[in-house]
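Reviewing the structure listed below.
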Amino acid sequence: MDHFTLIDGELHCEAVPLARIAAEVGTPVYVYSAATLRRHARAFRDGLKPAGRVHVAYAIKANPNIAVLNVLAREGYGADVVSGGELARALAAGMAAQDVVFSGVGKTRAELTKGLEAGIGQFNIELEEEGVVLAQLAAATGRTARAVLRVNPDVDAGTHAKISTGKRENKFGVPIDEAAAIFARLAGLDGLDLRGVAIHIGSQLLDLAPLETAYTRIGALVAELRAAGHTITHVDLGGGLGVNYKAGDVPPDLADFGAMVARVTKDWDVTLMFEPGRVIAGNAGVLMTEVIWVKPGVTNPYVIVDAAMNDLARPALYDAWHDFAAVRPNGARMTANIAGPVCETGDTFARDREIDAVRSGDLAIFRTAGAYGATMASTYNSRPLVPEVLVDGDRYAVVADRIAAETILAAERVPDWL
Ligand SMILES: *Cc1c(COP(=O)(O)O)cnc(C)c1O
């Protein structure tokens, strides 16, 4: 559910006509709906009411814009960060350090130190050596790092291979059959308060079954750790819930998710932590673009738009689908390919797809681009860095500037010895 709807035949974001944003900010541009972010943040939390003590840390990597983080901070959300840069963003957006979880398989010593100095709520340790180093860094400065051990439960999330994270051969977490022994070795270290375990099996999950399997395995591990005398107070169940990118996608219902969590975890007696990203931000954003040309093709024409793979990488990266819609649809339809200006065949958003009929100069949107969209943008082909706009009711603001190709060029230099 989102707030990008037709009003009097014209697409709006909440009460703001998208054409007005295009006229004032230009295209391509990401447009986010604050009301949609809030709705999703509340729906996720409400769904988990039956599950008892819950802490929600929004996975910043999905959409790290500081205004987006600000909306979610006001909803009481903490942050799941995966780099020192994301940690700085979370704090700058007003999220409390104690509500920050630091995940990621390659945290550097400098980043661990940054987290310790900020006093973050939890480190999710991905390998034994990281836990040892974190304990040393903490103990050396008289601190105690609150931490959980990320476990790889060896579950196939049934999603795209590039965003599966919970299979044994993936780089994340410690193998579940070694987890108890590693936990025991780390739990005794000075400087470390190892209080639980974590999992995150992948992203864009449309089926609850793999999550239930993973949660059940982690529940058995919690029982095993307790039987060995460890105190377990926190279990981080990660993120991963999918969203509907196209008609026919049926993402998990949040009430069903909450009921499943409540059922599987009912005897755990822990604080449950969640790290949702896509399910909060995905449907809250669109990428607006202008049609440059409609070029004849072999079977179907190419709609060449001014957005490209450097602005929205998901189709090129994951063969992802984003619905395409005209901002002022005239009712006619056409079958076309949709592509950007970048000089790669991979810069194709859709092939042989039935879409709203568009012509040169028309505005259109790619829907469900609020997560893993602008944050993956680059300046490939020396294109500007795409700007972002946040709408709230009848107001809107540019929340990230378009960074001109000239500005990026100005940061480069030819050495004087050349
Ligand atoms: C990416 C990631 C998330 C968020 O995943 P979504 O599919 O966007 O919900 C949560 N936790 C960790 C550790 C991640 O790497």
Side-chain angles (χ1 to χ4, degrees), residues 37 40-41 43-45 47-48 55-65 68-69 72 77-83 85-87 90 99-107 111 115 120-127 130 147-153 155 157-167 170-174 196-208 210-211 214-215 218 234-245 249 251-252 254 257 261 272-285 314 317-318 320 368-376:
L37 287 167
H40 292 168
F44 188 82
R45 206 190 270 291
L48 284 167
H55 176 80
V56 189
Y58 165 66
I60 283 193
K61 77 174 192 281
N63 186 327
N65 181 278
V68 169
L69 299 187
L72 295 174
Y77 272 50
D80 174 56
V81 305
V82 293
S83 71
E86 286 193 350
L87 172 57
D99 293 335
V100 173
V101 173
F102 201 160
S103 298
V105 71
K107 302 184 227 36
E111 286 174 321
I120 65 161
Q122 180 173 294
F123 293 86
N124 289 10
I125 297 171
E126 296 256 1
L127 68 163
E130 183 193 11
V148 299
L149 181 64
R150 180 167 176 182
V151 174
N152 185 319
V155 170
T159 185
H160 192 282
K162 288 185 187 170
I163 49 174
S164 282
T165 57
K167 288 201 283 184
N170 296 142
K171 68 180 174 181
F172 299 100
V174 302
V197 285
I199 47 169
H200 171 70
I201 64 168
S203 198
Q204 184 52 15
L205 274 69
L206 293 177
D207 183 1
L208 292 177
L211 285 172
Y215 295 175
I218 213 77
H234 290 72
V235 177
D236 186 335
L237 295 177
L241 290 184
V243 298
N244 49 324
Y245 283 103
D249 280 355
L254 292 174
F257 175 64
V261 170
L272 292 174
M273 306 175 73
F274 294 90
E275 304 166 348
R278 191 187 309 267
V279 72
I280 305 295
N283 286 327
R314 297 188 67 261
L317 206 52
Y318 314 122
T368 314
Y372 307 103
T375 187
M376 286 191 186

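Each ligand, and each atom within it, is numbered from 1 in the order the structure gives.
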Q | Atoms of ligand 1, numbered as shown, that sit under 4.0 Å from any heavy atom of Gly277 | A | 6 (P), 8 (O), 9 (O)
Q.
Tell me whether ligand 1 is touched by Gly240 - counting only heavy atoms on the residue side and a distance under 4.0 Å.
A. yes
Q: Give the residue, atom name and distance (to 0.1 Å) of the protein heavy atom nearest atom 8 (O) of ligand 1.
A: Tyr372 OH, 2.6 Å
Q) Tell me, which protein residue and heavy-atom name are nearest atom 10 (C) of ligand 1, and how many Å apart are they? A) Glu275 O, 3.1 Å
Q.
For a quick check under 3.5 Å, do Gln122 and Asn124 share a side-chain donor-acceptor pair by atom type?
A. yes
Q | Distance filter under 4.0 Å to Gly239 heavy atoms, resulting ligand 1 atoms | A | 9 (O), 10 (C)
Q | N or O pair under 3.5 Å between Gly202 and ligand 1 | A | no
Q: Report yes if some N/O of Ser103 lies less than 3.5 Å from some N/O of ligand 1; otherwise report no.
A: no
Q. Does an N or O from Arg278, backbone or side chain, lie closer than 3.5 Å to an N or O of ligand 1?
A. yes
Q. Looking at Ala59, which atoms of ligand 1 are within less than 4.0 Å of one of its heavy atoms?
A. 3 (C), 4 (C), 10 (C)
Q) Would you say Ile199 and Tyr215 make side-chain contact, with heavy atoms under 4.5 Å? A) yes
Q) Between Lys107 and Glu130, is there a salt bridge with N-O shorter than 4.0 Å? A) yes
Q: Have a look at Tyr58 and tell me which of Asp80, Val81, Asn63, Asp99 forms a side-chain contact (heavy atoms from CB on, under 4.5 Å) with it.
A: Asn63
Q: Using a 4.0 Å heavy-atom cut-off, say whether Val279 meets ligand 1 through its side chain, its backbone, both or neither.
A: neither
Q: Considering heavy atoms of the protein only, find what lies nearest to atom 1 (C) of ligand 1 and give residue, atom and distance to 0.1 Å.
A: Lys61 NZ, 1.2 Å
Q) Do the rings of Tyr318 and His160 sit parallel, tilted or perpendicular, given the 30° and 60° boundaries? A) perpendicular
**Q.** Inter-residue atom distance Leu127.CG - Lys171.NZ, 0.5 Å rounding
**A.** 12.5 Å
**Q.** Which segment of Arg150 sits under 4.0 Å of ligand 1 when only heavy atoms are counted
**A.** side chain
Q | Inter-residue atom distance Leu87.CG - Glu111.CD, 0.5 Å rounding | A | 9.0 Å
Q: Output yes when the distance from some N or O of ligand 1 to some N or O of Pro276 is under 3.5 Å, and no in every other case.
A: no
Q | Derivation and outcome, side-chain contact (heavy atoms from CB on, under 4.5 Å), residues Val101 and Val148 | A | CA-CA 10 Å; Val101 173; Val148 299; over 6 Å; no
Q: Could you see which bit of Ser203 sits under 4.0 Å from ligand 1, with heavy atoms only: side chain, backbone, both or neither?
A: both
Q. Is there side-chain contact between Ile201 and Pro210, with heavy atoms separated by less than 4.5 Å?
A. yes
